[in-house]
Chemist: 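First the structure, then my questions, so here it is.
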Amino acid sequence: MSRTVYVNGEFLPEDQAKVSVFDRGFLFADAVYEVTSVLDGKLIDFDGHERRLARSLGELDMAAPEGDLLAIHRELVARNEITEGLVYLQVTRGVADRDFAYPKDTPSTLVMFTQAKGLIDSPAAQTGIKVIAIDDLRWGRRDIKTVQLLYPSMGKMMAKAAGVDDAWMVEDGLVTEGTSNNAYIVKGGKIITRQLGNDILAGITRAAILKMAQEAQMVVEERAFSIAEAQAADEAFFTSASAFVMPVVEVDGATVGNGKPGPVTRRLREIYIDESRNVAI
Ligand code: PMP
C-alpha cells in the first residue's frame with residue numbers, strides 16, 4: 001500500500017508528495033521536527049510534542065504552520081491504518097530565493113508522514129543495547145529540535161562501525177545525550193540524568209519518565225555524569241518517543257551491572273507503556 005503523506009494542506013500518495021528545491025529546509029536545514037509515537041492507533045504525549053514544536057518555532061522566529069495539527073495527525077494515522085508506529089512532522093521556513101537572511105512573510109512548509117513500526121515487542125528491549133562514547137560535535141542549541149541531524153547520523157555510523165547500536169556523546173568529560181535519545185544511569189536505586197539546558201533536547205519521554213518515577217517514589221537526580229560513572233553504574237538506559245525506555249548494557253566496551261536490563265529500567269519501561277496507553281489520544 002502506498003503511504004498517504006500530508007504536504008501543505010493536502011493528503012497525497014507518497015510519490016506525489018513534493019516540496020520545492022528552494023525550500024529552506026532543503027537548502028539551510030532551516031526546519032524543525034517532531035516524532036510522535038502511536039500505540040493502538042492513538043497518539044502518545046501529543047500535547048508535549050505540540051508544545052515543544054511551538055517552542056522550537058518560537059526560538060527560530062519561524063511561523064507556525066497552518067491547520068489543526070491534532071486533526072491532521074489523526075487523519076494520517078487513520079488513512080495509513082497505523083496501529084503501532086510513528087508520525088513524523090516537519091515545519092520549514094518555506095520557499096524563498098537562496099539567501100542567508102530569513103525571508104519575510106513566507107508561509108511555512110508543513111510535511112507529515114507515518115511509519116508503521118512495532119514499538120512494544122522490541123527484541124532490543126529484552127536484551128539491552130550497547131553504546132560507544134563519541135565527542136559531541138553538534139552546535140550549541142540542541143534544545144531546539146532542528147533537522148540538522150548529520151552529526152547524529154555520523155554518530156550512528158561510528159557506532160555501527162564499532163559493532164554496537166548507538167553512541168553517547170560527551171562534552172567536557174560529561175555525557176550530553178544519545179544520537180537521538182536522552183541518557184540515564186541508575187546507581188544505588190537513584191535515577192541520574194543530565195539537567196535540561198541548551199546542550200540537550202528536552203525529551204518528551206524524559207519528562208514523562210521523570211514524572212512517573214517520582215510518582216512511583218523513585219529518587220531522581222538531574223545532573224550530568226561521565227562515561228566512567230556510567231560504566232560503574234548498576235543500570236543504564238535511554239529514552240525517546242520511538243524507543244520508550246531502552247536498556248543499555250554496555251558503555252564504551254564496559255559491561256554495565258550484570259550485562260542484562262536492570263530492574264529499575266524494566267519497571268520504568270512497563271510503567272511508561274501502561275500509563276502512555278491509558279492517556280493516549
Ligand atoms: N535527544 C535527541 C538528540 C533526540 O533526537 C531525541 C529524539 N528526538 C531525544 C533526545 C528524545 O526526545 P523524545 O523523548 O521527545 O523523543
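Position 1 is the first residue of the sequence; numbering continues from there. Read the numbers this way: they start at 1 and go in the same order the structure lists the ligands and their atoms.
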Chemist: Counting only heavy atoms, tell me which of Asn182, Ile204, Ile209, Thr239 gets closest to atom 13 (P) of ligand 1.
Modeler: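 Heavy atom nearest to atom 13 (P) of ligand 1 belongs to Ile204.
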Chemist: Looking at Phe225, is Arg194 sitting on its ring face, NZ or CZ under 6.0 Å from the six-membered ring centre and within 45 degrees of the normal?
Modeler: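 No, a cation-pi geometry is absent between Arg194 and Phe225.
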Chemist: Does the N or O separation between Ala241 and ligand 1 drop below 3.5 Å for any pair?
Modeler: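 Yes - when backbone and side-chain N and O of Ala241 are compared with those of ligand 1, one distance drops under 3.5 Å.
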Chemist: Between Leu110 and Glu66, does the side chain to side chain contact (heavy atoms under 4.5 Å, CB included) criterion hold? Intermediate values first, please.
Modeler: CA-CA 8 Å; Leu110 172 60; Glu66 299 273 323; over 6 Å; no
Chemist: Does Glu34 come within less than 4.0 angstrom of ligand 1, counting non-hydrogen atoms of the residue?
Modeler: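 Per 4.0 Å heavy-atom rule, Glu34 does not contact ligand 1.
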Chemist: Do Asp23 and Thr92 get their side chains close enough for a donor-acceptor pair, meaning under 3.5 Å?
Modeler: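 Note: Asp23 and Thr92 side chains meet the donor-acceptor criterion.
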Chemist: Evaluate the side-chain proximity of Leu119 to Lys117: yes if any heavy-atom separation is below 4.5 Å, no if none is.
Modeler: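 In contact.
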Chemist: Pick whichever of Ser240, Ser37, Ser180, Pro152 has a heavy atom sitting closest to atom 7 (C) of ligand 1.
Modeler: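 Comparing heavy atoms across Ser240, Ser37, Ser180, Pro152, the nearest one to atom 7 (C) of ligand 1 lies in Ser180.
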Chemist: Students should be able to answer this: which protein heavy-atom is nearest to atom 14 (O) of ligand 1, and at what distance?
Modeler: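 Among all protein heavy atoms, the one nearest atom 14 (O) of ligand 1 is Thr205 OG1, 2.6 Å.
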Chemist: Just checking, any donor-acceptor pair under 3.5 angstrom between side chains of Glu235 and Thr265?
Modeler: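 Note: Glu235 and Thr265 side chains meet the donor-acceptor criterion.
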Chemist: When you compare ligand 1 with Ser242, is there at least one nitrogen or oxygen pair between them that comes in under 3.5 angstrom?
Modeler: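 N/O-N/O distance below 3.5 Å does not exist for this pair.
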Chemist: Quick one: list whatever passes side-chain contact (heavy atoms from CB on, under 4.5 Å) with Asp45, sequence neighbours left out.
Modeler: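 Only His49, Ile204, Ala208, Tyr272 meet the side-chain contact (heavy atoms from CB on, under 4.5 Å) criterion with Asp45.
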Chemist: Does Glu177 pair with Arg138 as a salt bridge, N-O distance under 4.0 Å?
Modeler: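 Looking at Arg138 together with Glu177, the answer is yes, because their closest N to O distance falls below 4.0 Å.
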Chemist: Can a non-hydrogen atom of Tyr33 be found less than 4.0 Å from any atom of ligand 1?
Modeler: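 For ligand 1, residue contact (heavy atoms, under 4.0 Å) with Tyr33 is present.
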Chemist: Could you tell me if any non-hydrogen atom of Met169 lies under 4.0 Å from any atom of ligand 1?
Modeler: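 No; Met169 lies far enough from ligand 1 that no heavy-atom distance drops under 4.0 Å.
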Chemist: Is there a side-chain contact between Leu39 and Ile120 in this structure, where contact means two heavy atoms from C-beta onward sitting under 4.5 Å apart?
Modeler: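 Yes; the side chains approach each other to less than 4.5 Å.
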Chemist: Output yes when Arg142 and Asp136 qualify as a salt bridge under the 4.0 Å nitrogen-oxygen rule, no when they do not.
Modeler: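 Looking at Arg142 and Asp136, the cut-off is met.
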Chemist: Could you list which atoms of ligand 1 come closer than 4.0 Å to a heavy atom of Arg138?
Modeler: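 Heavy-atom distances to Arg138 below 4.0 Å select 3 (C).
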Chemist: Any N or O of Lys145 that comes nearer than 3.5 Å to an N or O of ligand 1?
Modeler: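 Min N/O separation from ligand 1 is below 3.5 Å for Lys145.
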Chemist: Can you name the atoms of ligand 1, numbered from 1 with element, that are less than 4.0 Å from a heavy atom of Gly203?
Modeler: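 The list of qualifying atoms is 12 (O), 13 (P), 14 (O), 15 (O).
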Chemist: Who's the nearest protein heavy-atom neighbour of atom 1 (N) of ligand 1, and how far?
Modeler: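 Result for atom 1 (N) of ligand 1: Glu177 OE1, 2.6 Å.
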Chemist: What do you reckon, does His49 have a nitrogen or oxygen under 3.5 Å from a nitrogen or oxygen of ligand 1?
Modeler: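 In fact, backbone or side chain, His49 has no N or O that close.
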